[in-house]
Every structure is written in C-alpha cells, then in structure tokens.
Amino acid sequence: MPANTVTLTDTAELPEALIQAFVSAHQIAVLTGAGVSAESGIPTFRDARTGMWARHDPMTLASPQGFEQDPATVWQWYQWRRQLIAETRPNAGHYALARLQQRVPVLTLITQNVDGFHQLAGSDRVLELHGNVHRNVCSVTGKVIEADWMEQHSEVQPPPSPHHPRGRARPGVVWFGEALDSDLLDNAFTAASNCDLMLVVGTAGAVQPAASIPVLAKEHGARLIDINPDSNELTRLADWHLVGPSAKWLPTLVDELTATD
Ligand code: OAD
C-alpha cells in the first residue's frame, strides 16, 4: 500500500486538516519513545552514533541472562543512567504533553521511557510500558523494594533482596525477553482502539508490543501524527509526519489547541 503521509518541516505551515483533527479530537492517545527525552540530554537507544545500543550490547545490559551472568556490570550501568537522569530535566516536549492532558477530555499517555520525566513535567496516569528506572524490584519475586532498604547497601553491587533469599535488587524496568505488565498493555490497547487521534513521538517503532499500538489505532480509524526527525515503519502509517524534534513540535501543536479555546 503506498504511503499517503503528508510531510511537514515547518511549524509555520500547519495544514487546516491537521488542526481540525487535533482540536476536534475527544480522545487522544500518545505513544512516546526515547526521542522525547533526547533533548533533555538522555541518549536514545538506536541512534547510530550516540545511541545506547550503538555502544553497548543490549543482551548484556538489558536481559535477565545478562544480569545473571554479570550483575555488577548491569547494576553499575543502571546506576550511571539513574545519575544521568537525575542531572537532567524534562524539556518543552514533556511540558507540552502535560498541558495537553489538561485540555483534552480523554488523553492517555503511553510511554516506553523509564525516566519518569512525563510525571515530573506534570502528566499523570502515565502508562509506563517498560517500567521506571527509579524503582527497584526483587529479581526473584518482582516485589518492589523500598528506598530505605536500598540506602543501607552499596552502590557497586546489586543489594540482596529483602523479599527472597536468592533474590537481588534490580531496576524495575522491562528487559529483553520479559513480558510487559498485562494490565498496562490492555489499557494501552484500549486507548489506541478508542482514540480519534494518536500522536507517535520520538520512537523508532522497533520494539514490540509497543510498536503495534499505533497500528491498532490506525486500524480503528484514528488519525496519526508522527513526530520524529527521521522516518520509520510507523511514519508510513501516519497521516502527518512532523519532521524535527519533539521539543519544537509538541509546544506548537498544544499552542494551536489553546489558541482555539
Ligand atoms: P529508539 O532509540 O529506538 O528510537 C528513538 C527515536 O527517536 C528515533 O526514531 C529517532 O529518530 C527519534 N528522535 C531522536 N531525536 C529526537 C528528537 N529530538 N525528537 C523526536 N524524536 C527524536 O528508542 P525507542 O523507540 O524509544 O526498551 O526504543 C524503544 C525501546 O527500545 C526502549 O524503550 C528500550 C529500547 O530497547 C527497553 O529497554 C525494553
């Protein structure tokens, strides 16, 4: 099927049809990826030069097997990421999505990011498909480990888990080969099926099941806006491709909605 996507490179030229789709939407779903946090200074995963997976093997650092083989290396990498996140802040894209949630009757924000920046910027009810890096869980039971337990232990090795004799603390994120939380995923699929408009922002669409969420929205008749400096499989599905950084496009779109109030 040939792509029918309208490509826009300049915020000054928002087409009327896009503005209408945006301001008339009652239910909006948003899927965000690493690109949204890129302008806060957090590297993406698949950028060929600066991406995490260009420099590190994902199976070593983000899989249960990698953790079993070398827990200290995995732990230290996550400690480094936590530090990076702690030193940076949400950007204009995150804040724009938080403003959007105040304006739209139903907005479901689905993210693959684990940095917590959407919440920090003021969004709530965020569906964190891949977990949250600030949380620690027991490697055997999956139970959350409280912060005061973590504070009593060293930073170099993953601390023992208080919930299981063979368990260790591990970051509360989803690793390769692990299942997503089924309630979260159901909620994301429901939002995609019911929305009039879906924004796909800063994701390469390379990881399932997240990448199937915009496909589902499209199948159920939603209009799709893809915000990304590059193109990928999801761009081909989009009605509009807004080429460029999310910190530029998201505030522009939300300002447009405010202007029509
Ligand atoms: P990727 O690194 O795969 O893709 C990032 C996307 O952001 C690319 O399409 C870039 O073109 C785009 N991008 C870069 N800078 C941008 C900017 N300033 N504004 C908007 N877009 C920009 O990241 P994800 O698609 O989020 O999973 O990756 C999905 C999952 O793969 C991650 O959650 C992670 C990873 O492995 C796990 O760790 C389980």
Side-chain angles (χ1 to χ4, degrees), residues 7-9 11 30-67 74 77-78 80-82 84-85 88 90-97 109-118 126-135 137 170-181 184-185 188 199-215 225-238 240-253:
T7 302
L8 297 170
T9 52
T11 47
V30 185
L31 174 67
T32 66
V36 175
S37 294
E39 273 155 87
S40 294
I42 311 287
T44 66
F45 293 95
R46 293 182 179 76
D47 183 277
R49 255 179 335 104
T50 59
M52 307 266 192
W53 299 155
R55 292 176 291 146
H56 306 283
D57 173 11
M59 294 317 280
T60 306
L61 295 175
S63 77
Q65 298 86 337
F67 186 64
V74 174
W77 188 65
Y78 277 95
W80 168 75
R81 282 184 64 195
R82 287 167 166 162
L84 188 66
I85 292 164
T88 48
N91 62 60
H94 296 103
Y95 288 109
L97 287 173
L109 179 49
I110 306 158
T111 189
Q112 298 164 88
N113 298 344
V114 297
D115 52 34
F117 277 177
H118 286 304
V126 181
L127 303 182
E128 293 183 302
L129 289 184
H130 294 165
N132 187 304
V133 78
H134 301 298
R135 213 169 28 234
V137 298
R170 56 158 279 187
V173 301
V174 177
W175 281 335
F176 287 101
E178 292 182 326
L180 274 60
D181 179 287
L184 276 181
L185 196 57
L199 306 183
V200 181
V201 197
T203 180
V207 171
Q208 295 292 358
S212 67
I213 293 170
V215 179
I225 300 177
D226 185 31
I227 301 178
N228 199 313
D230 290 329
S231 316
N232 55 58
E233 284 298 307
L234 295 179
T235 315
R236 284 172 45 78
L237 284 183
W240 296 278
H241 177 200
L242 312 186
V243 183
S246 47
K248 170 180 123 175
W249 280 107
L250 285 170
T252 302
L253 284 178

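Ligands are counted one by one from 1 in listed order, and the atoms in each one are counted from 1 as well. Counting from 1, the numbers follow the sequence of the chain as shown.
Closest protein heavy atom to atom 15 (N) of ligand 1: Ala38 CB, 3.9 Å. When only non-hydrogen protein atoms are considered, atom 17 (C) of ligand 1 lies nearest to Gly35 O, 3.3 Å. Closest protein heavy atom to atom 25 (O) of ligand 1: Thr203 OG1, 2.6 Å. Nearest non-hydrogen protein atom to atom 30 (C) of ligand 1 is Val207 CG2, 3.7 Å. Protein heavy atom nearest atom 7 (O) of ligand 1, with residue, atom name and distance: Gly202 O, 3.2 Å. At the top of the distance list for atom 8 (C) of ligand 1, counting protein heavy atoms only, stands Asn228 ND2, 3.9 Å. Nearest protein neighbour of atom 28 (O) of ligand 1, counting heavy atoms only, is Arg46 NH1, 3.2 Å. Atom 39 (C) of ligand 1 has as its closest protein heavy atom Val174 O, 3.1 Å.
Distance check, rounded to the nearest 0.5 Å: CG of Asp226 to NE2 of His241 gives 5.0 Å.
Partner of His130 under the side-chain contact (heavy atoms from CB on, under 4.5 Å) criterion, out of Val173, Thr111, Val207, Leu184: Val207 alone.
Taking a cut-off of under 4.0 Å to the non-hydrogen atoms of Ala34, the atoms of ligand 1 that pass are 23 (O), 24 (P), 26 (O). Residue-ligand proximity, Pro245 to ligand 1, at heavy-atom distances under 4.0 Å covers atoms 17 (C), 18 (N), 19 (N). Which parts of ligand 1 touch Pro229 is read off a 4.0 Å heavy-atom cut-off, strictly below it: atoms 13 (N), 16 (C), 20 (C), 21 (N), 22 (C). Close contacts of ligand 1 with Phe176, meaning ligand atoms under 4.0 Å from a residue heavy atom, involve 36 (O). For ligand 1, the atoms closer than 4.0 angstrom to any heavy atom of Gly33 are 26 (O).
The closest non-hydrogen atom to atom 19 (N) of ligand 1, taken over Ser246, Gly177, Ala247, comes from Ser246.
Below 3.5 Å of separation, one finds an N or O of Ala204 facing an N or O of ligand 1.
With a 4.0 Å cut-off on non-hydrogen atoms, Gln112 touches ligand 1 through its backbone as well as its side chain.
Close to ligand 1: Trp53, with a non-hydrogen atom less than 4.0 angstrom away.
Not counting sequence neighbours, His134 has no partner by the ring-ring contact (aromatic ring centres under 6.0 Å, His included) test. Every residue two or more places apart in sequence or in another chain was checked for a ring-ring contact (aromatic ring centres under 6.0 Å, His included) with Tyr95, and none qualifies.
In this model, a donor atom of one side chain and an acceptor atom of the other lie less than 3.5 Å apart for Asp47 and Thr50.
The environment of Glu178 atom CD is dense: over 12 non-hydrogen atoms of other residues, nucleotides or ligands sit within 6.0 angstrom.
Panel note: side chain Arg82, backbone Val133; a donor-acceptor pair is recorded below 3.5 Å. Of the possible donor and acceptor atoms, one in the side chain of Thr88 sits under 3.5 Å from a partner among the backbone N and O of Leu84. Remark: side-chain polar atoms of Ser40 are not paired, donor with acceptor, to backbone N or O of Ile42 under 3.5 angstrom.
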Take Leu199 and Leu250 through the test side chain to side chain contact (heavy atoms under 4.5 Å, CB included) and record every step on the way to the result. CA-CA 10 Å; Leu199 306 183; Leu250 285 170; 4.2 Å; yes

Please determine whether side chain to side chain contact (heavy atoms under 4.5 Å, CB included) holds for the pair Leu129 and Ile213, giving the CA-CA distance in whole Å, both sets of side-chain angles, and the decisive distance to 0.1 Å. CA-CA 11 Å; Leu129 289 184; Ile213 293 170; 3.7 Å; yes

